[in-house]
Visitor: 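Here it is: the structure, laid out below.
So you know, we letter chains A, B, ... as the sequences are listed, proteins then strands, and number each from 1. Note that the structure is a prediction, hence the values are computed from the model and not measured.
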Number of protein chains: 2
Amino acid sequence: MAYDENRKSWVAVDCLVLGYDIESKSINVLSFMRQVDPFAGQWSLIGEFINEEEDIDDAAKRVLEKYTGLNDVFLEQIRVYGNTNRDPAGRVISILYWSLIKLDDIHKDIVNKHGAQWFSVGDLPKMVLDHGEMIDFGRDYLLSKAKNTPLGFELLPQKFTLPQLLNLYEAIYGKALDDRNFRKKMLSTELLQRLDEKDKSSSKKGAFLYEFNQEKYHELMSKGYHLELV
Amino acid sequence: MAYDENRKSWVAVDCLVLGYDIESKSINVLSFMRQVDPFAGQWSLIGEFINEEEDIDDAAKRVLEKYTGLNDVFLEQIRVYGNTNRDPAGRVISILYWSLIKLDDIHKDIVNKHGAQWFSVGDLPKMVLDHGEMIDFGRDYLLSKAKNTPLGFELLPQKFTLPQLLNLYEAIYGKALDDRNFRKKMLSTELLQRLDEKDKSSSKKGAFLYEFNQEKYHELMSKGYHLELV
DNA sequence: CAAAATAAACGTTATTATTACGTTTATAAA
DNA sequence: TTTATAAACGTAATAATAACGTTTATTTTG
């Protein structure tokens with residue numbers, strides 16, 4: 001081996017799992033109670049050290065599946081944290097991933113098993129180490145990506161209504177949006193497929209359900225189309 | 001120490017150093033001839049292992065200064081590479097940073113000392129390991145950031161002309177832009193300060209020199225202004 | 001059973017931004 | 001003095017955005 005054995009560091013992956021609660025119209029973060037010392041008992045993002053024979057993306061997938069039961073969902077590396085003082089127990093480089101999931105998809109028994117819990121981003125407990133910073137970064141990142149990528153749809157169920165989509169974007173942007181202009185712009189992308197079905201849970205009239213057309217999106221992207229939502 | 005000593009990995013930083021050559025109108029990558037085995041003698045991005053007592057950003061700064069003589073320039077983390085098979089000599093996690101510099105600022109003797117050399121992105125040699133991938137990622141990243149952040153100005157000298165700025169953006173976008181519309185849009189941001197000086201190196205008439213107003217930019221940003229260039 | 005209430009859906013207009021061009025200007029060289 | 005040329009300036013048609021008003025479908029209420 002050509003490299004110096006004495007210069008190694010611990011490397012972990014942490015996953016910022018975000019979900020959107022349609023009822024409360026709030027973006028939620030999955031947090032679990034840390035089991036290992038130091039700081040056992042504090043709230044933490046889900047995370048673990050990478051294994052020796054494991055790509056970092058696979059490590060993130062492993063962590064996500066272990067704590068949520070989910071695989072094959074949106075999961076992406078977004079940043080690395082590597083200050084020497086970030087963990088007093090040792091020099092740990094943490095690779096932050098984020099995952100956007102549909103709240104209803106989560107396997108509740110698996111989540112419970114690890115003492116995990118959802119918190120609204122507006123009402124978070126104190127997080128261990130620099131995990132609070134990670135959440136802040138993830139929220140900024142969501143804000144900056146939401147306009148030009150269809151990430152929002154990862155957070156809603158397969159079938160959703162335009163008012164639900166509007167509420168989600170209002171939660172992301174943290175401000176009210178004009179519903180008429182929102183509807184116009186969203187529909188102008190022609191990426192939403194309207195179904196012959198209504199959701200009557202929040203009005204007498206009922207709101208049409210839509211599906212996001214993933215194939216059409218990829219088709220447009222491959223032609224160099226620039227998406228602009230909201 | 002709470003963590004398992006056997007689960008450590010090597011962690012390196014690699015710096016993608018980009019510069020713009022006004023003469024040839026091409027974006028260049030700084031590359032140096034790798035000294036350590038395996039693959040000593042192949043072209044590589046500048047990079048080294050992080051030190052035990054060193055924040056990752058500081059490691060990147062150290063590498064950049066060692067190979068270019070530059071400090072206090074634009075330098076940002078952009079991605080992590082951590083597949084198990086990326087380096088056959090061991091499990092190395094590489095944190096990719098990128099730096100955008102003004103070509104003329106570079107300390108030529110320091111660069112030469114390490115056998116470093118500029119290559120046009122259009123005419124790169126085969127790079128070691130996954131460094132070619134890193135360069136591709138950096139180019140895409142530049143493309144995606146150039147429109148909404150004033151990164152371009154990092155690549156030009158303090159004083160530059162509008163035609164030079166246009167050529168730079170044409171190099172980034174890889175296509176011709178309408179000079180009249182470009183000029184109008186750039187000036188509409190009011191972030192360019194015209195000087196009472198002309199550069200006559202490329203025309204009889206001469207082109208006015210401009211400076212980018214960094215303070216005004218930060219002031220506008222703090223008010224939530226959305227920059228749109230080009 | 002008509003009227004009221006309400007969320008959802010649809011529509012219009014003024015303003016602003018973008019695109020795609022044409023024209024004038026300053027200067028050095030012929 | 002004319003010519004050549006890059007730089008600078010200008011304009012009109014089209015498209016996108018912002019800021020509003022109106023109608024519709026349905027349930028609940030009097």
Visitor: Please tabulate, one pair per line, each protein N/O and nucleotide N/O from nucleotides 1-6 of chain C that are separated by under 3.5 Å, including the distance.
Guide:
{"residue": "C/dA5", "atom": "N3", "partner": "A/K204", "partner atom": "NZ", "Å": "3.3"}

Visitor: Taking only residues two or more places apart in sequence or in another chain, which ones pass side-chain hydrogen bond (donor to acceptor under 3.5 Å, both in side chains) with B/E23?
Guide: none
Visitor: For B/Y97, give me all partners under ring pair (Phe, Tyr, Trp, His ring centres under 6.0 Å), at least two apart in sequence or on another chain.
Guide: none
Visitor: Specify the separation, in whole Å, of atom CG of A/L192 and atom C1' of C/dA8.
Guide: 16 Å
Visitor: Taking CG from A/D199 and C1' from D/dA25, how many angstroms apart are they, rounded to a whole number?
Guide: 15 Å
Visitor: Take atom NE2 of B/H226 and atom P of D/dT17, then tell me their distance rounded to the nearest Å.
Guide: 11 Å
Visitor: Is B/K159 salt-bridged to B/E197, cutoff N-O under 4.0 Å?
Guide: yes
Visitor: In whole angstrom, what separates A/F182's CZ from C/dA9's C1'?
Guide: 14 Å
Visitor: Going by side-chain hydrogen bond (donor to acceptor under 3.5 Å, both in side chains), name the residues that satisfy it together with A/H226, two or more places apart in sequence or in a different chain.
Guide: A/N148, A/E228
Visitor: From NZ of A/K147 over to P of D/dA16, roughly how many Å is that when rounded to an integer?
Guide: 14 Å
Visitor: Among D/dA7, C/dA9, C/dA26, which nucleotide has an atom closest to any side-chain atom of A/R183?
Guide: C/dA9
Visitor: Exactly one of A/F153, A/F208, A/Y169, A/Y20 should register a ring pair (Phe, Tyr, Trp, His ring centres under 6.0 Å) with A/F160. Which one does?
Guide: A/F153
Visitor: Write down the distance between NZ (A/K198) and P (D/dA25), rounded to a whole number of angstrom.
Guide: 8 Å
Visitor: Starting at atom CG of A/L187, determine the distance to atom P of D/dA16, rounded to an integer number of angstrom.
Guide: 15 Å
Visitor: Classify the angle between the aromatic ring planes of A/Y81 and A/F137 as parallel (below 30°), tilted (30 to 60°) or perpendicular (above 60°).
Guide: perpendicular
Visitor: Listing time: all N or O pairs from protein to nucleotides 11-17 of chain C that are below 3.5 Å?
Guide:
{"residue": "C/dT12", "atom": "O4", "partner": "A/K184", "partner atom": "NZ", "Å": "2.9"}

Visitor: Provide, to the nearest angstrom, the distance between the CG atom belonging to B/L177 and the P atom belonging to C/dT18.
Guide: 14 Å
Visitor: Can you sort out the partners of B/R34 under side-chain hydrogen bond (donor to acceptor under 3.5 Å, both in side chains), two or more places apart, ordered by chain and number?
Guide: A/Y3
Visitor: Pick the nucleotide of DNA chain C nearest each of B/K200 and A/L162; which residue has the one closer to the 5' end?
Guide: A/L162
Visitor: Does A/K102 come within less than 4.0 Å of A/D104, counting only side-chain N to carboxylate O?
Guide: no
Visitor: What does A/S202 touch in the nucleic acid at a heavy-atom separation under 4.0 angstrom: a base, only the sugar-phosphate, or nothing?
Guide: sugar-phosphate
Visitor: Using only heavy-atom distances, determine whether the side chains of A/D21 and A/S24 contain a donor-acceptor pair under 3.5 Å.
Guide: yes
Visitor: For the side chain of B/R194, starting at C-beta, report the closest nucleotide among C/dA9, D/dC9, D/dA7.
Guide: D/dC9
